[in-house]
Undergrad: 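Once you've had a glance at the structure underneath, I'll fire off some questions.
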There are 2 protein chains.
Amino acid sequence: MRKFEAVVEAVLRTEHVQSFVTSKVDGLEVDLGGIPGDRHYGLLRPADVRQKFYKRGTMIANRRQLSLLSVEECAQVAAALGIAEIRPEWLGANVLLRGYPELTQLPPGARLLFESGAGIINEGENEPCTGPGRVIAEAVGDPSLTQRFVKAAWRKRGIVASIELPGQLRAGDKVTVMVP
Amino acid sequence: MRKFEAVVEAVLRTEHVQSFVTSKVDGLEVDLGGIPGDRHYGLLRPADVRQKFYKRGTMIANRRQLSLLSVEECAQVAAALGIAEIRPEWLGANVLLRGYPELTQLPPGARLLFESGAGIINEGENEPCTGPGRVIAEAVGDPSLTQRFVKAAWRKRGIVASIELPGQLRAGDKVTVMVP
């Protein structure tokens, strides 16, 4: 097990369940289902196109409770797209990390331990789709970005995670990344 | 995603929560916490020595709901120990598979889809300890096996898993192994 240190640049949550776009908050209290009230909250979730091996809509364990990004990968995607920035809100991120640049390469099963108490498990790469691309395209005013985002963000769109130890996630937290 | 086919040779569960030793049954109905009534059942479990990064006893998400072995790895461990067999009961297995020999090498996050309906997630290698070694030593009548088991079973002791899709696991089921 190798250990790395990173820092929480921001924590975010959805304002309502109708949109995946998130907003910054000071901190979040998470439980076994994720972030109470958030769009992705729950012990169960319907299978979607990313779990093709289940019939779409089948209720399965929710391993996509949180979405995490790295500042460094966001900057790379923005550079590849020729735009000034990729805001974590646009991608529906819940945690923006700084100091562990290749977040998307983190192996499934890696743990992230937050200074404020919560512990989470990496459930794997978040595969980019056109949803956030559309949000970026609208924000920047360039419709071509919808599709270009999907390609540019491949293997740089961060990870999804689920809660192992309920607790707090706070902006400014140190995070210990435990890589198996 | 690569697909492989295997077969369920046996399914097993603990008879009571006081012992990890399991007994064969025809089938099991599993839910989000694992096998109801089994020693390892629950949405939460206390952190132990395998989660050193949490204070021992802290209640965390239970990712060690099921234990799986392969017939082929059991035979290799038995051969290394110079004994006739390793029975899955002695290791507290819940599922014995045939046809996916290197089960312990399966990467965390791989899915196993059972013909009878359940879907499970590989949570990683089951690290051998002296508990099952002691059961083997007593069954075979050779005290040296307690320690020798730990060494011989390294990277051959199967995996632990948690439930993604509640349903049935049955002896004779075909299992599709989905490797990311």
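Letters A, B, ... mirror the listed sequences (proteins, then strands); counts begin at 1.
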Undergrad: Can you name the closest pair of heavy atoms from B:A61 and A:L32 and give their distance?
TA: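 The pair with the smallest heavy-atom distance is CB-CD2, 3.7 Å.
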
Undergrad: Hydrophobic cluster membership, with links at side-chain heavy-atom distances under 4.5 Å among I/L/V/M/F/W/Y: are A:L69 and A:L106 in one?
TA: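 No; A:L106 is not reachable from A:L69 via cluster members.
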
Undergrad: Do the side chains of A:I159 and A:L91 join up, straight or via other hydrophobic residues, at under 4.5 Å, putting them in one cluster?
TA: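 No, no single cluster joins them.
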
Undergrad: Establish whether B:V140 and B:I86 are linked, either directly or via other cluster members, by ILVMFWY side-chain heavy-atom contacts under 4.5 Å.
TA: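 Yes, B:V140 connects to B:I86 through the hydrophobic network.
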
Undergrad: Please flag which part of A:L43 lies under 4.5 Å from any non-hydrogen atom of chain B: side chain, backbone, both or neither.
TA: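 Answer is both: backbone and side chain atoms of A:L43 are under 4.5 Å from chain B.
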
Undergrad: Using only distance, no hydrogens or angles, which N or O donor-acceptor pairs sit under 3.5 Å between chain A and chain B?
TA:
residue : atom : partner : partner atom : Å
A:Y54   : OH   : B:E164  : OE1          : 3.0
A:A61   : N    : B:E164  : O            : 2.7
A:R63   : NH1  : B:E123  : OE2          : 3.2
A:R63   : NH2  : B:E123  : OE2          : 3.0
A:R63   : NH2  : B:S162  : OG           : 2.5
A:E123  : OE2  : B:R63   : NH1          : 3.2
A:E123  : OE2  : B:R63   : NH2          : 3.0
A:S162  : OG   : B:R63   : NH2          : 2.6
A:E164  : O    : B:A61   : N            : 2.7
A:E164  : OE1  : B:Y54   : OH           : 3.0

Undergrad: Give, as side chain, backbone, both or neither, the part of A:M1 having an atom under 4.5 angstrom from any heavy atom of chain B.
TA: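 Contact with chain B is through the side chain of A:M1 alone.
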
Undergrad: Could you see if B:V7 belongs to whatever hydrophobic cluster contains B:L28? Use Ile, Leu, Val, Met, Phe, Trp, Tyr and a side-chain cutoff under 4.5 Å.
TA: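 Result: no, two separate clusters.
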
Undergrad: Below 4.5 Å from any heavy atom of chain A, which atoms of B:P166 appear? Answer side chain, backbone, both or neither.
TA: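 Looking at B:P166, just its side chain touches chain A.
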
Undergrad: So which pairs with a foot in residues 161-180 of chain B pass ring-ring contact (aromatic ring centres under 6.0 Å, His included), sequence neighbours left out?
TA: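 Not a single pair qualifies under ring-ring contact (aromatic ring centres under 6.0 Å, His included).
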
Undergrad: Transitively linked via ILVMFWY side-chain contacts under 4.5 Å: B:L96 with B:V21?
TA: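 In one cluster: yes.
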
Undergrad: Checking A:P107 against chain B: side chain, backbone, both or neither under 4.5 Å from a heavy atom?
TA: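 No part of A:P107 comes within 4.5 Å of chain B.
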
